[in-house]
Every structure is written in C-alpha cells, then in structure tokens.
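Written out below as structure tokens is the structure these notes cover.
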Amino acid sequence: MNTSDLPGFPHFHFQGGQMYAEGCALEDLAQAHGTPLFVYSKASMLAALGAYQKGFAGRNARICYAMKANSSLAVLQVFAKAGCGFDIVSGGELDRVAAAGGDLSKVIFSGVGKTRAEMQKALAAGIACFNVESDAELEVLSSVAQGLGKRAPVSIRVNPNVDAKTHPYISTGLKGNKFGVAHENALKTYQRAAQLPGLRVVGIDCHIGSQITQATPYLDAMDRILDLVHDIEAAGIPIEHIDFGGGLGINYQGDTPPPADDLWAQLLRKLDARGYGKRLLMIEPGRSLVGNAGVCLTEVLYLKPGEQKNFCIIDAAMNDLPRPAMYEAFHHITPITETTGSGLTYDVVGPVCESGDWIGRDRALNVKAGDTLAVLSAGAYCMSMSSNYNSRGRAAEILVDGNAAHVIRHRENPAQLMAGEVLVG
Ligand SMILES: *Cc1c(COP(=O)(O)O)cnc(C)c1O
C-alpha cells in the first residue's frame, strides 16, 4: 500500500489509490452522505492552531479564532475546547459562540457597523472587548453602555496604512479602506474614548488584510502600532493588550506564507526589542486555522465538450464555493480516486445559472460522469459564505476525527429552505 501526503494539506493523503481525510476514505463518505459534501479534518485544525500555540509558548497571549472563516458549531467547539477565544463580527456570531459552548468572556467584537442591539447583547454577555472602528461608533457604544449601567471595554482598530499585498477585496489596512481609524487620528480618538463615561480603554488592534503571504506587512504594521502605543500611553491612557489581527495566508496554488510559528518568532523579536514583549497579546486568525483543513466533495454530473472549451459540470456551485466567483480565487480540484492518463482540459463549472459560476478554469482532468472530485482548501470562507441561490439547499458537513466521521450539519431540505416565508391571502 502506498501512502502519499498531499503536500500543504496536512492530514489528507492518498493510500491505495484512494484519497483519505485522516483514517476515513472520502469515497465512502461521498457514498454514505451524498454530494456536495464538506469534509473537515479535526487533526488538521488542531495542527494549524498548534503552530500558533508553539509560536506563543511562554507568552501572555490569546488566540481568538476569527469565526467568520467557518462558523459551523462543531468547528467552533473544536477551538473552544482547545482554549481559544473568538473574534466575532455580528450578534449572530455571538449566539453561535454561546451555542457551541465557547467562553463569552474571551470574545472580541470587530466590524464597522455594530448596531445598538448587538452592542447591548454583547455587553450583557460580558465580552472581553469591542474593537471600535470609528469615532461615531465610540459615542454610540458609550451611550448604550451607560444605559445598561456598564462601561464597555474598548480597543480602537487602527488602520496602519500598510499594503498587505493581497487581493484588493481582502486588503483592509490601507487608506481608502472602510475599516479602522486612520493612524494619524488614532491618538485623538483614544483621548475621546478615555473621556467618555460609558467606556473603558483596554487595548489597541489592527487587521491589515487576508491571505497575506509575507512577513513584511506584519512587521511594518507592528512598528506603526507600537509607535502609537507609546504616544497613547505618554498621553496618560494605559493600553493593556495589543491585538495584531489575523490575515495569515494559506497554500492555495503554491503560495508560501510563513508558518505561523516562524512569523511569530520574527514578530516577537521585534516586540521584545521594543520592550512590549510582556504585554497581553491577541491575534485573530481565521483562514490559516481552517482553510486547508477542509475539502468539498462533488460529483461530476456531465462532461460537455465544446469547440473552444470543454466543460466539466459538477454538483457543487458558486453557492457552495463562492470564492472563485467573488475573488477569482483558485482551488485545487482532484479526483479522489487516483487516475492515470492525462484526460482533457476542462473548465469546472456548477449548475447555477450564472457565467460566474465556475470553480476552476483550464484544469487537466481524467474524469467521467459519476466520478467524485475533491475541491481542496475549502475549509475557510466556503460554507460560511454559502447561499441558497437558485434555491439550492446548503451542503452537509462532516468532521473527521481519526477513524470517526461525524455529521456536523445535515443537508438542508426544501422545508428548511422555505421556512419563514409566507404566501399572501
Ligand atoms: C476576517 C477578519 C479576521 C480573519 O482574517 P483571516 O484572513 O481569515 O485570518 C481577523 N480580524 C478581523 C477584524 C477580520 O475582519
């Protein structure tokens, strides 16, 4: 029996010509549960988390999983049990943390458009910190907290104006982005926060983008943030924690981001050199914890040869895997039974009635109708961004743990799709 790891996709491998997630053959899962089907490896998630934990060993640090990457309850449960906090961006995400048994006192709340109702709910839950993104939000949060007889713990999200060198839709730390308070206005915003009766300044944060594959933007952002911490504290406002956000990339198509422990070794050297190494540190990783821990299994429905293009039509679509349509993103696509021979070059597309509904372009695949394919790197920003467009129910999800395969979400049925709708008359 030959066993070969899929490089860059830990805990997925081929054995005896079949693709496995840990001890589970993917073809068995596809047969038992149908397709499209998301399959996640718990060991892969914990290994990704382990790299951060190794990087922070001996430090006063908190890892807050940015759950918008994958907010399925059993995935949250994995990270909650491993001791993580959570970075949330809505009241709905707070409900999910509670439902998954997460510690609400380790929740931080990011986002440019928090409503009063969301603020009230998060204050009642006793979250660790609001990452405030504008002067206007500060005023509203202070008055909401006062109304409840509380003081809201706040950090200001500072926009350090560094280029994360990633796709424009997932770059967030440049001037002209909607996120955060401009670096040059941040001190003034902190002074205002310190005066407001409903607030208690606890930290500072930044988040410069996503799918970042170099250390330099992080090092630059850290310098800018530490300069500010110095100025804010010189103005008499103590900063308890420093939060450097998330954004570390993963290997989609030969990308080579630094491993989390290497990146943090570099960042911690700078922090120590500047005298901030003993502070409470926070980070908000999302994609790098789950992205390569998941695949989406899909059946080839039809092969449609054409004069200019051959199409491989699969049963997963842009509603399940939105990243190619949204960002022209790349996912590896592979048959889960090893094939020999080169086959043809296909555009791999879904059944949705949009030309934007493609999953991969110009892929050499030796396939026939009925084969099962795996779309790799499908653990982050796939299920959590999925929709019901074309009245397609959401896929089922499996969490593999060694030889056990747990159904963690049932396939959505027609009654669930129409629940909440009302006919007139
Ligand atoms: C999306 C987001 C993250 C996580 O980003 P990844 O690229 O998935 O690591 C962290 N913090 C904030 C504020 C975010 O919006």
Side-chain angles (χ1 to χ4, degrees), residues 45 48-49 51-52 55 62-72 75-76 79 84-90 92-94 97 106-114 118 122 127-134 137 154-160 162 164-174 177-181 203-215 217-218 221 225 241-252 255 257-260 263-264 267 281-294 322-323 326-327 329 377-385:
M45 292 179 193
L49 177 63
Y52 283 102
R62 181 175 300 164
I63 300 167
C64 293
Y65 169 50
M67 62 179 278
K68 73 179 190 288
N70 186 324
S71 53
S72 299
V75 172
L76 303 184
F79 291 111
C84 292
F86 295 91
D87 175 45
I88 66 168
V89 291
S90 72
E93 288 195 340
L94 185 62
V97 175
K106 291 188 196 165
V107 166
I108 55 180
F109 192 171
S110 302
V112 295
K114 301 176 193 78
E118 287 174 322
I127 68 164
C129 186
F130 290 83
N131 289 351
V132 172
E133 304 221 14
S134 65
E137 184 191 338
V154 296
S155 158
I156 310 291
R157 175 168 175 179
V158 175
N159 184 338
V162 302
K165 300 196 170 64
T166 184
H167 189 285
Y169 280 14
I170 50 178
S171 173
T172 57
L174 274 174
N177 285 126
K178 71 176 177 180
F179 299 102
V181 171
I204 189 167
D205 71 283
C206 70
H207 172 70
I208 56 175
S210 197
Q211 186 52 19
I212 300 168
T213 55
Q214 298 166 31
Y218 282 106
I225 295 298
H241 78 250
I242 313 179
D243 173 351
F244 293 100
L248 182 59
I250 62 171
N251 170 27
Y252 284 105
D255 309 286
L263 173 69
W264 275 96
L267 287 164
L281 306 175
M282 292 198 196
I283 53 163
E284 308 164 352
R287 185 191 312 272
S288 53
L289 292 180
V290 290
N292 277 340
R323 299 183 59 261
M326 275 190 78
Y327 318 114
S377 308
Y381 302 108
C382 292
M383 179 52 94
S384 62
M385 284 180 131

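Both counts, for ligands and for their atoms, begin at 1 and track the order of listing. None of the values given here were measured: they were computed from a predicted structure.
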ask   = So how far is it from H207 NE2 to D87 CG, rounded to the nearest 0.5 Å?
value = 8.0 Å
Between T213 and D255: side-chain donor-acceptor atoms closer than 3.5 Å = no
query = So, does F179 sit close enough to ligand 1 that a heavy atom of it is under 4.0 Å from the ligand?
reply = no
Any L76 side-chain heavy atom under 4.5 Å of Y65 side chain = yes
ask   = Which ligand 1 atoms, with their elements, are less than 4.0 angstrom from a heavy-atom of A66?
value = 3 (C), 4 (C), 10 (C)
message = Checking the N or O distance criterion of under 3.5 Å, is ligand 1 in contact with A69?
response = no
Closest to atom 13 (C) of ligand 1 among E284, M67, Q211 (heavy-atom distance) = E284
request  = Could you see which bit of V89 sits under 4.0 Å from ligand 1, with heavy atoms only: side chain, backbone, both or neither?
outcome  = neither
ask   = Can you tell me how far OG of S110 sits from CG of D243, rounded to the nearest 0.5 angstrom?
value = 7.0 Å
inquiry  = Could you measure the distance from the CE atom of M326 to the CE atom of M385? Nearest 0.5 Å is fine.
reply    = 4.0 Å
ask   = For atom 15 (O) of ligand 1, what's the nearest protein heavy atom and its distance?
value = K68 NZ, 2.8 Å
request  = Considering the heavy atoms of D87, write down every atom of ligand 1 situated less than 4.0 Å from one of them.
outcome  = 10 (C), 11 (N), 12 (C), 13 (C)
ask   = In ligand 1, which numbered atoms sit nearer than 4.0 Å to a non-hydrogen atom of R157?
value = 13 (C)
ask   = Just which atoms of ligand 1 are under 4.0 Å from any heavy atom in R287?
value = 6 (P), 8 (O), 9 (O)
request  = Would you mind listing which atoms of ligand 1 come within a distance below 4.0 Å of any non-hydrogen atom of S110?
outcome  = 13 (C)
message = As an exercise, identify every atom of ligand 1 less than 4.0 angstrom from a heavy atom of G247.
response = 5 (O), 6 (P), 7 (O), 9 (O)
task = Check ligand 1 against G246 and write out every atom of the ligand that is under 4.0 Å from a heavy-atom position of the residue.
result = 9 (O), 10 (C)
request  = Tell me which protein heavy atom sits closest to atom 5 (O) of ligand 1, plus the residue, atom name and distance to 0.1 Å.
outcome  = H207 CE1, 3.4 Å
query = Which part of P285 is near ligand 1, with near meaning a heavy atom under 4.0 Å away: side chain, backbone, both or neither?
reply = backbone
ask   = Among protein heavy atoms, which sits nearest to atom 7 (O) of ligand 1, and what does the distance come to when rounded to 0.1 Å?
value = S210 OG, 2.3 Å
ask   = What residue and heavy atom of the protein are closest to atom 8 (O) of ligand 1, and at what distance?
value = Y381 OH, 2.5 Å
ask   = Charged N to carboxylate O below 4.0 Å: is that the case for E137 and K114?
value = yes
